[in-house]
Number of protein chains: 2
Amino acid sequence: MSGEDNLLKLVEAEEPDENDYRLQEQVGFILRKAHQRHVSIFAAHIADLTPPQFAALAKLHDVGETSQNQLGSLIAMDAATVKGVIDRLKARGLVELSKHEVDKRRLLVNLTAEGRDAIEQLIPIAREITEETLAPLSAKEVATFMRLLAKLT
Amino acid sequence: MSGEDNLLKLVEAEEPDENDYRLQEQVGFILRKAHQRHVSIFAAHIADLTPPQFAALAKLHDVGETSQNQLGSLIAMDAATVKGVIDRLKARGLVELSKHEVDKRRLLVNLTAEGRDAIEQLIPIAREITEETLAPLSAKEVATFMRLLAKLT
DNA sequence: GCAAATTCATTCGTATGCAAATGATATCAA
DNA sequence: TTGATATCATTTGCATACGAATGAATTTGC
């Protein structure tokens, strides 16, 4: 190894971090891009519903009537966000609201017949969306990726 | 095996999908949650800047003066979004705008001295944010995860 | 060299997403 | 029982995020 190589190595050792922060390689940045891509794929398949709206309908279909807050925690939305989502679904006649008989603080949310029809029609399409989102990966890679992604939650 | 078991199996075979759409296992849903978690970690370390604002500053620090649109494509933001981000950074004195001498359509963006100081202070913290986001994974898992995540972009 | 197409930036409208504050109701604890 | 706490929902304010429409400036294609 020459003296110049030693000098180079020394300089690199002194400042390994300062000069090479690569935004494009940070997990947060790529996570944001991957999420953007998924939303775009979703919109291409389901134009008249957003992913959060779909999530709300799918979860209501799964668990039946629940309170707005409870639904929010099931689909990872805070109270303010879930309220907006439910308001818009209600305006379109896909869900209906009612007051909890015992606990007067709670606002119960449920699918309407139309909402139930809608989500049942959409679930097969949602499977395609998942498939297309994961299309760049092999079956084995999908399994690995989903396992690790779930660990980050 | 009883006749009832056969019937059950037949019904299941006919509709393998209808009855078991699990929102919590869909890549889009988990991606959204993982992104939310990252943003929350980011906010805990850097309270006075959002991830998109940080991305803009970091990229400007990297490439120097660029047009607003060019910056947007470098950090994966459409024109409308990047405008809002830059407007807010400008209002805080972290970036400055100027007109392109030749191409009068372009609006050039550059760091101010204050913006340069800020991003250089923040980069080490950003490394910690990346580390904390990936903390649930081992070093080997991180490498695998980042490789697969990048494939989805 | 000029009309058509493209690019850059802006604006508008809609939809998350979250912090913080507020009011109503329920629950807990002394 | 009642006073302190906690929970549920709402509202406000701010910050992405993107489609679509618009206008100004540039580039292309013939």
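Labels below follow one simple rule: chain letters A, B, ... track the order of the sequence lines, proteins then strands, and each chain is numbered from 1.
Taking the side chain of Q68(A) as heavy atoms from C-beta on, and the options dT16(C), dA9(D), dA17(D), the nearest nucleotide is dA9(D). Proximity note for R106(B) (side chain, C-beta onward) versus dT16(C), dC18(C), dA9(C): the nearest is dA9(C).
Within the nucleic acid shown, V102(A) comes within 4.0 Å of sugar-phosphate atoms alone, with no base atom in reach, counting heavy atoms only. Nucleic acid contact for V39(B): none, since no nucleic acid atom lies under 4.0 Å from a heavy atom of the residue. Using a 4.0 Å heavy-atom distance criterion, V82(A) is classed as making no nucleic acid contact. Nucleic acid contact for D103(B): sugar-phosphate only, since backbone atoms but no base atoms lie under 4.0 Å from a heavy atom of the residue. Among the heavy atoms of the strands lying under 4.0 Å from T81(A) is at least one base atom, whether or not backbone atoms are also near. Among the atoms of the strands shown, none is found under 4.0 Å from any heavy atom of S40(B).
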Pairs under 3.5 Å (N/O, protein and nucleotides 11-14 of chain D):
none

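At dC8(C), none of the side-chain N or O atoms of S67(B) fall inside 4.0 Å of OP1 or OP2 (strictly under the cut-off). Distances shorter than 4.0 Å separate none of the side-chain N or O atoms of Q70(B) from OP1 or OP2 on dC8(C).
Looking at R105(B), its side chain has no donor and acceptor atom pair within 3.5 Å of the base of dT26(D).
Each of K104(A) and T50(A) was matched to the nucleotide of DNA chain C holding its nearest heavy atom; the match closer to the 5' end belongs to T50(A).
Using a 4.5 Å cut-off between side-chain heavy atoms of Ile, Leu, Val, Met, Phe, Trp and Tyr, with links allowed through other members, I75(B) and L31(A) fall into different hydrophobic clusters.
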